[in-house]
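The figures that follow rest on heavy atoms only: side chains count, while hydrogens, waters and symmetry mates do not. In each ligand, atom 1 is the first atom listed, and ligand 1 is the first ligand listed.
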Amino acid sequence: MKSNIKAFIFDLDGVIVDTATYHYRSWQHLCKSFGFEFSEADNEQLKGASRMHSLEIILELAGETRSEEEKIRMCAEKNTWYLESIKEITNQDTLPGVQAFIKLAREANYLIALGSASKNAIAIINQLGLTSFFDVMVDGNMVTKGKPDPEGFLLAAQKLCVKPNHCLVFEDAAKGIQAAQKAGMYTVGIGDPRHLGAADMVIETLLNQTPKGILEHI
Ligand code: BG6
Ligand code: MG
């Protein structure tokens with residue numbers, strides 16, 4: 001039992017809400033414009049990466065190069081499609097068990113932070129009506145380096161006034177697990193153990209999980 005854990009830090013896309021699918025479809029849409037078949041396996045590499053880093057990974061996979069100006073335009077275009085695709089999401093679209101889990105964690109006096117690489121994260125949390133769940137929110141506008149860099153998670157810990165080794169991070173991305181480990185934090189991977197095997201513990205979903213149960217296993 002990790003009794004020194006004081007704070008839980010949650011990634012957004014693929015952990016709180018299934019926006020990872022919408023990111024994927026929006027990139028697919030963009031890839032069609034230059035004839036690249038962007039697969040789900042390729043998409044795994046993008047999870048947790050910033051918008052620009054994601055585009056750079058795609059261009060490399062496609063064997064394409066673009067000017068800085070063009071890359072900025074492509075990122076803006078992808079984001080327009082993405083925002084259009086998520087405009088109807090509501091509180092009903094959160095992933096199984098996540099709201100109940102955060103409520104239990106708050107009742108047990110754990111501090112709760114958002115640690116997302118997305119520049120849209122805070123607006124999405126507002127749209128889901130979950131702002132009051134979080135003591136602190138860190139999004140992609142507050143950092144200069146995306147995951148796997150630990151900057152975002154370290155900033156969340158600093159804002160919560162807790163040491164990194166007192167934090168437990170919930171992530172669906174291999175890059176996110178790496179970022180948390182570089183920050184010196186404990187990790188729970190949510191999703192496929194084939195991608196998240198480096199985490200201290202991997203679960204399929206947060207459904208029926210409790211903070212006590214998780215802390216007994218890491
Ligand atoms: C991360 C996602 O949370 O945010 C990535 O896993 C995404 O897929 C990144 O590229 C940046 O998101 P946004 O909303 O700033 O384009
Ligand atoms: Mg994610």
- Does at least one non-hydrogen atom of Ser54 fall below 4.0 angstrom from an atom of ligand 1? yes
- Query: In terms of the angle between their ring planes, are Phe170 and Phe10 parallel, tilted or perpendicular, with boundaries placed at 30° and 60°?
  - Reply: parallel
- Under 4.0 angstrom from ligand 1, any heavy atom of Leu12? no
- Can you tell me if Asp11 has an N, O or S atom under 2.8 Å away from the Mg ion (ligand 2)? yes
- Task: Salt-bridge test for Asp13 and Lys47: reply yes if a basic N is under 4.0 Å from a carboxylate O, no otherwise.
- Result: no
- Which atoms of ligand 1 have any heavy atom of Lys119 under 4.0 Å away? 13 (P), 14 (O), 15 (O)
- Sub-4.0 Å heavy-atom approach of Gly140 to ligand 1: no
- For ligand 1, is there an atom lying under 4.0 Å from some heavy atom of Ala173? no
- Task: Decide, yes or no, whether a salt bridge links Lys103 with Glu107 under the criterion of side-chain N to carboxylate O below 4.0 Å.
- Result: no
- Task: Do me a favour and list the nearest non-hydrogen protein atom to atom 16 (O) of ligand 1 with residue, atom name and distance?
- Result: Arg51 NE, 2.7 Å
- For atom 2 (C) of ligand 1, the closest protein heavy atom turns out to be Asp13 OD2, 3.5 Å
- Query: Given that the side chain starts at C-beta and the backbone is N, CA, C, O, which of these parts of Ala49 lies under 4.0 Å from ligand 1, counting heavy atoms, or is it both or neither?
  - Reply: backbone
